[in-house]
Engineer: 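Please read through the structure below; I'll follow up with questions.
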Amino acid sequence: MSKPNPFRYFRTSREVIRLAVMMYVRFPLSLRNVEDLLHERGIDVSHESVRFWWIRFGPLFASEIRKTRIQRMRSYSYWQWHLDEVFVKIKGETHYMWRAVDHEGEVLDAFVTKHRDRKSALKFLRKLMKRYGRPEQVVTDNLRSYGAAMKEIGNADRQRTGRWLNNRIENSHLPFRLRERAMSRFRRMRSLQKFAAVHYSIHNLFNAERNLYSRQNFKRNRAAALAEWCDLCMA
């Protein structure tokens, strides 16, 4: 039985919808920037349409991307996680977005909380392990909440801390920070959580790390990522 077509009741073509969602989520552009760029290509849509499309289709696209990558990531023989938290302002109040990446720079998850305590760290770790299993090592900073949470779940011997060990995730914060500034910050905790989940999935798909490959292989990987993107939500 084929899946229902999510584009069925939309007059705009699925190619335009995918393009608009990719431009808005992947690049540090505002809704009106995307509207102007589409207009230059001869596509007349309003910024409100772009907003509706990413809210409607962004989670669908992100879910399909995750499904195809989780099984491959679980098969790593030596899997190292890097955990850190980002300070985010919502209506003047500080919130914390816990983020995790693996040893190859793949973003595993993002989880938003109001507190930076043991309970929040434990909830984040359990969520990660339910989805991906247990890693060989978990690299964190010196926040005591990580140590308390790792001890409770029985992974204290796998935790690693050090001044320079967590540079991998510190650098991975940059794309999200750029995107956050373009959106003039967030207004609700729920919208932050939703956008973070969509953003890291699409970022993983198109993150080819061109510094690790020759030009030939980079072009091949980029074309493969774009082909996978064009196949999302096909009925």
Side-chain angles (χ1 to χ4, degrees), residues 2-3 5-7 10 12-31 33-35 37-38 40-41 43 45 50-51 53-82 99-110 128 131-132 168-180 182-183 193-235:
S2 61
K3 296 185 294 184
N5 181 8
F7 303 98
F10 289 81
T12 308
S13 68
R14 64 185 68 189
E15 290 78 13
V16 172
I17 293 175
R18 286 200 198 94
L19 176 63
V21 173
M22 181 184 69
M23 292 171 66
Y24 179 65
V25 178
R26 183 184 174 193
F27 303 109
L29 301 171
S30 67
L31 293 167
N33 290 152
V34 176
E35 178 184 357
L37 289 173
L38 291 175
E40 291 180 7
R41 298 186 178 204
I43 304 171
V45 297
V50 178
R51 185 201 305 275
W53 290 341
W54 96 256
I55 292 174
R56 173 72 178 270
F57 292 100
L60 293 178
F61 296 157
S63 176
E64 286 207 10
I65 293 171
R66 284 194 295 269
K67 285 178 184 177
T68 59
R69 301 174 85 85
I70 286 177
Q71 292 302 321
R72 175 178 60 81
M73 296 163 73
R74 275 176 172 268
S75 64
Y76 287 153
S77 58
Y78 177 76
W79 203 2
Q80 186 180 82
W81 292 357
H82 297 255
R99 298 181 71 253
V101 304
D102 67 7
H103 56 282
E104 294 187 344
E106 190 99 352
V107 184
L108 303 177
D109 207 346
L128 281 172
R131 177 175 291 177
Y132 298 104
R168 166 70 75 176
I169 191 167
E170 294 289 351
N171 293 331
S172 79
H173 293 327
L174 298 178
F176 180 81
R177 285 303 196 189
L178 289 173
R179 197 66 199 80
E180 179 191 17
M183 297 180 71
Q193 179 67 72
K194 182 176 182 178
F195 185 84
V198 176
H199 180 268
Y200 82 74
S201 297
I202 295 178
H203 174 75
N204 286 341
L205 178 62
F206 289 101
N207 184 24
E209 295 190 352
R210 64 177 67 194
N211 60 305
L212 302 179
Y213 301 99
S214 64
R215 178 65 180 173
Q216 197 90 9
N217 288 336
F218 167 70
K219 290 170 65 176
R220 189 179 299 114
N221 292 339
R222 183 173 60 182
L226 188 59
E228 183 178 343
W229 174 260
C230 294
D231 288 338
L232 293 177
C233 291
M234 293 292 289

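As the structure is a prediction and not an experimental result, all values here were calculated from the model. We count residues from 1, following the sequence as given.
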Engineer: If you look at every heavy atom in D102 and R168, which pair is closest and at what distance?
Structural biologist: O-CG, 3.9 Å
Engineer: Kindly compute the distance separating CG (N33) from CG (L38), expressed to the nearest 0.5 Å.
Structural biologist: 11.0 Å
Engineer: With V101, which of N171, I169, L108 fulfils side-chain contact (heavy atoms from CB on, under 4.5 Å)?
Structural biologist: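 The side-chain contact (heavy atoms from CB on, under 4.5 Å) with V101 is passed solely by I169 among N171, I169, L108.
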Engineer: With a 4.5 Å limit on heavy-atom distance, are the side chains of S201 and F61 in contact?
Structural biologist: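 Not in contact.
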Engineer: Backbone N or O of R51 within a donor-acceptor pair of the R56 side chain at under 3.5 Å?
Structural biologist: no
Engineer: Has the side chain of R69 got a donor or acceptor atom that lies under 3.5 Å from a matching backbone atom of N204?
Structural biologist: yes
Engineer: Got a sec, which residues hit ring pair (Phe, Tyr, Trp, His ring centres under 6.0 Å) with H203, two or more places apart in sequence or on another chain?
Structural biologist: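 Partners of H203 by the ring pair (Phe, Tyr, Trp, His ring centres under 6.0 Å) criterion come out as none, since no residue qualifies.
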Engineer: Check step by step if side-chain contact (heavy atoms from CB on, under 4.5 Å) holds for W229 and R26.
Structural biologist: CA-CA 12 Å; W229 174 260; R26 183 184 174 193; over 6 Å; no
Engineer: Give a yes or no answer on whether the side chain of Q193 reaches the backbone of A110 with a donor-acceptor pair at less than 3.5 Å.
Structural biologist: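 Yes, Q193 side chain to A110 backbone: donor-acceptor pair under 3.5 Å.
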Engineer: Please determine whether side-chain contact (heavy atoms from CB on, under 4.5 Å) holds for the pair M23 and L19, giving the CA-CA distance in whole Å, both sets of side-chain angles, and the decisive distance to 0.1 Å.
Structural biologist: CA-CA 6 Å; M23 292 171 66; L19 176 63; 3.7 Å; yes
Engineer: Only counting residues at least two apart or in another chain, list the ones meeting side-chain hydrogen bond (donor to acceptor under 3.5 Å, both in side chains) with S63.
Structural biologist: none
Engineer: Which distance, rounded to the nearest 0.5 Å, do you find between the CH2 of W54 and the CD1 of I202?
Structural biologist: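 W54 atom CH2 to I202 atom CD1 measures 9.5 Å (nearest 0.5 Å).
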Engineer: If you take all heavy atoms of T68 and E228, which pair is closest and at what distance?
Structural biologist: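 Nearest pair, atom of T68 first, then E228: OG1-OE2, 3.3 Å.
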Engineer: Ignoring hydrogens, what is the shortest heavy-atom contact between A20 and V34? Give both atom names and the distance.
Structural biologist: O-CG1, 4.1 Å
Engineer: Rounded to the nearest 0.5 Å, what's the gap from CD on E15 to CD1 on I17? Could you check?
Structural biologist: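 One finds 9.0 Å between CD of E15 and CD1 of I17.
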Engineer: Between V21 and G58, which heavy-atom pair has the shortest distance, and what is it?
Structural biologist: CG1-CA, 4.4 Å
Engineer: Looking at Y200, is R99 sitting on its ring face, NZ or CZ under 6.0 Å from the six-membered ring centre and within 45 degrees of the normal?
Structural biologist: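 No, R99 does not lie over the aromatic ring of Y200.
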Engineer: I'd like to know whether the aromatic ring centres of W53 and Y24 sit less than 6.0 Å apart in this structure.
Structural biologist: no
Engineer: Looking only at non-hydrogen atoms, find the nearest pair between R14 and N5 and report the distance.
Structural biologist: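 Closest approach of R14 to N5: NH2-ND2, 3.2 Å.
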Engineer: Working to the nearest 0.5 Å, report the span between CZ of R179 and CZ of F27.
Structural biologist: 10.5 Å
Engineer: How long is the straight-line distance from CD of E180 back to CZ of F195, given to the nearest 0.5 Å?
Structural biologist: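 Going from CZ on F195 over to CD on E180, the span is 10.0 Å.
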Engineer: Just by distance, do the side chain of R18 and the backbone of L232 share a donor-acceptor pair under 3.5 Å?
Structural biologist: yes
Engineer: Can you tell me if K194 uses its side chain to pair, donor with acceptor, with the backbone of I55 under 3.5 Å?
Structural biologist: yes
Engineer: Find the distance between CG (D231) and CG (L226) and round it off to the nearest 0.5 Å.
Structural biologist: 10.0 Å
Engineer: For the residue pair A100 and L128, what are the closest heavy atoms and their distance?
Structural biologist: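 Closest approach of A100 to L128: CB-CD1, 3.7 Å.
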